[in-house]
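Quantities reported herein were computed from a predicted structural model and do not represent experimental measurements.
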Amino acid sequence: MPWSSRSEMLSTLNKLLPNVKYLGAAFWVGYLLVLYGCEVNFFGITLDDAAVSVVYVVSNACFALALLVVGAQHRRFHQWLQVPWFVFGMGLLATVGTVLVFALQPVGGLWYALGAALIGVGTSFVAAKAMLQFTELGPREVIFMAAVVQVGGMMLDYTVLSVSWMVQPWLFFVMPALAAAVLLIEPADERHEMPDDSWQPPAWLWRVVIGVLFFAIPVSICRACFPLFSDNVSLLVDYRRISGFLIILFMVAMGLLALRLPKDARFGRVVYAIILVVSFVYIGLSVIGPQSGLVMAISGGVNALVSLCVWVLIARISFKSGASVLRVFGFGYASYTFGAIMGWAVAFVVAAFGLSLETVLAIMVVSAVVMLLVALFLFRQQDLHTMMEPLQGTLDDQETEPLGVACEGCSHAEGAGGDLAAVCAACPSAVVLRSAEAEEYTAWRRACALAVQNAQLSLREAEVFDGMVRGLSARAISDELCISYNTTRNHIQHIYVKCGIHSKDEMQDYIRSFV
């Protein structure tokens with residue numbers, strides 16, 4: 001069906017909106033938008049185009065290098081990112097770097113570059129913490145929340161630029177620390193289990209990593225060359241506001257699309273279609289050239305779509321593989337960041353050698369054509385479909401027959417701890433059963449509820465328990481509850497310990513003891 005049911009849409013919103021932790025990434029996005037927006041003027045100090053370019057290149061280079069280290073030492077940093085003071089400390093590190101940038105910008109030199117470097121290192125760990133949490137989401141949910149985060153970031157950008165000049169700098173300075181603090185809002189029992197090192201990356205993973213590298217290059221060329229060839233550079237702020245409006249428009253559309261599609265929709269096709277459309281759009285923008293404000297405005301909105309696709313792909317690769325999120329994110333997003341730096345490097349070469357507009361147009365067209373070729377031959381639709389499709393049981397984690405008495409409508413019970421008798425009486429599937437079967441099924445569900453109460457399972461553990469009773473694999477339970485695979489395995493281990501059992505067969509005997 002083209003539309004998901006209203007109840008399913010509301011269920012998705014109920015799962016996502018109370019999770020304020022995901023919006024911590026919005027503070028990080030908003031902070032970057034202000035920092036690289038050429039509109040900041042604090043304490044009488046203005047970051048001009050050259051200063052912003054230095055901060056952008058140095059901070060992003062350090063951001064990418066830090067992510068490479070995180071990917072290579074993912075087990076060590078996985079532990080550190082579970083420590084609140086470390087995560088919050090990285091947010092404060094970015095705050096310190098921002099203060100140094102504005103305090104030392106008139107002086108320039110090594111200390112000024114050091115401030116930009118601290119920004120890159122600090123925000124890299126904030127981003128890694130955000131990705132740990134985004135990986136818990138299913139395909140529809142991660143698209144929705146990524147869109148919400150970008151809308152939130154734009155709103156924060158506008159807020160910082162419009163508040164009182166006395167409040168503005170301090171609000172901007174503390175945004176990285178606020179991002180880290182909000183990202184720490186998570187239940188203790190949902191902390192991520194240490195990943196397995198035995199994972200072998202599929203062949204298509206490296207195609208995706210190389211693909212995001214080449215996708216970032218033309219995006220940055222368009223944005224970095226605009227000040228060099230625009231007839232009226234003072235219009236930059238106006239075009240940025242138009243770009244911000246387009247970002248909000250595109251992201252709201254993506255959020256509504258994610259909610260509109262059913263859970264079993266082919267989200268891989270959606271992402272692939274966006275990638276192809278973006279490729280053709282950039283060919284058109286390259287032909288128009290960097291002298292047009294329209295290119296600046298549209299490229300900002302399209303860049304947001306590219307960022308959303310990259311974020312979603314990295315989250316789903318981590319989720320589907322069961323591998324270390326930090327390893328996949330470290331190498332994947334570092335590749336995207338290096339591509340952005342290469343785009344800015346092209347702009348620096350253009351400025352240094354005084355290249356003509358025709359030469360720059362040729363460079364932009366070639367890079368956009370490369371982007372299209374990457375979309376056609378590196379981002380394969382089947383690969384994206386594999387990443388985005390709902391998880392099924394694997395060879396070492398198969399779905400089984402439901403324990404006890406089976407009923408197609410047992411998912412209406414909404415967890416093993418609810419008022420199962422009342423729910424089963426109203427269940428549309430239970431009414432087709434004969435009276436004796438309905439009574440037996442209701443008795444079985446009551447026994448499940450008593451088993452949960454006796455073992456003193458948490459609410460999340462009760463939901464995992466219910467999925468196991470229904471015969472779902474750990475990966476299918478992860479997809480249904482929007483939590484990571486490693487977290488689900490951790491919950492299953494806790495359930496076994498609390499119930500004093502060692503297998504699903506023993507779980508069935510344990511439940512029957514309460515019948």
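For the residue pair Y282/S299, the side-chain donor-acceptor check at 3.5 Å is not satisfied.
A centroid separation of 6.0 Å or more is found between the aromatic rings of W85 and F88.
Looking only at distances, a side-chain donor or acceptor of S335 sits under 3.5 Å from a matching main-chain atom of V209. For the pair S367 (side chain) and M364 (backbone), a donor-acceptor distance under 3.5 Å is present. Checking side-chain atoms of S220 against main-chain N and O of A340 turns up a donor-acceptor pair under 3.5 Å. Here the side chain of Q150 pairs a donor or acceptor atom with the backbone of A304 at under 3.5 angstrom. Put simply, the side chain of D157 never gets that close to the backbone of G153: no donor and acceptor are under 3.5 Å apart.
Nearest heavy-atom pair across I275 and C309 is CG1-SG, 4.4 Å. Here the closest non-hydrogen pair linking V87 and A180 is O-CB, 3.4 Å. Between A146 and V312, the shortest heavy-atom contact is CB-CG2, 4.5 Å. M251 and V151 make their closest contact through CB-CG2, 3.4 Å (heavy atoms, listed as atom of the first residue, atom of the second, distance). Shown here for L171 and M175, the closest heavy-atom pair between the two residues is O-CG, 3.1 Å. When every heavy atom of I143 is checked against every heavy atom of L308, the shortest pair comes out as O-CD1, 4.1 Å.
The shortest distance between side-chain heavy atoms of F125 and K129 does not fall below 4.5 Å. Taking 4.5 Å as the limit, every side-chain heavy atom of R327 sits out of range of all side-chain heavy atoms of V70. Counting heavy atoms from C-beta on, the side chains of I119 and L35 come closer than 4.5 Å. By the 4.5 Å heavy-atom criterion applied to side chains, V346 and I363 are counted as neighbours. Contact check for L257 versus F144: no side-chain heavy atoms found under the 4.5 Å cut-off. Between S59 and Y36 the shortest side-chain heavy-atom distance falls below 4.5 Å. Between M371 and I217 there is no side-chain heavy-atom pair separated by less than 4.5 Å.
With sequence neighbours excluded, the residues that form a ring pair (Phe, Tyr, Trp, His ring centres under 6.0 Å) with F215 are F379. By the ring pair (Phe, Tyr, Trp, His ring centres under 6.0 Å) test, F348 is found to be paired with no residue, residues two or more places apart in sequence or in another chain being considered.
Ring orientation note: the planes of W311 and F134 are nearly perpendicular, at an angle over 60° on the 30°/60° scale.
Considering V325, L81, V69, L326 as possible partners of H74, the one that fulfils the side chain to side chain contact (heavy atoms under 4.5 Å, CB included) test is L326.
Remark: Y272 OH is packed, more than 12 non-hydrogen atoms of other residues, nucleotides or ligands lying under 6.0 Å away. The neighbour count for F245 CZ, taken as heavy atoms of other residues, nucleotides or ligands under 6.0 Å away, does not exceed 12.
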side-chain contact (heavy atoms from CB on, under 4.5 Å) assessment of R140 paired with F267: CA-CA 7 Å; R140 178 171 63 177; F267 290 97; 3.3 Å; yes
Would you list the atom pairs, donor with acceptor, under 3.5 Å between side chains in residues 95-103 and any protein atom, with sequence neighbours excluded?
{"residue": "T95", "atom": "OG1", "partner": "G91", "partner atom": "O", "Å": "3.4"}
{"residue": "T95", "atom": "OG1", "partner": "F173", "partner atom": "O", "Å": "2.7"}
{"residue": "T98", "atom": "OG1", "partner": "Y31", "partner atom": "OH", "Å": "2.4"}
{"residue": "T98", "atom": "OG1", "partner": "A94", "partner atom": "O", "Å": "2.7"}

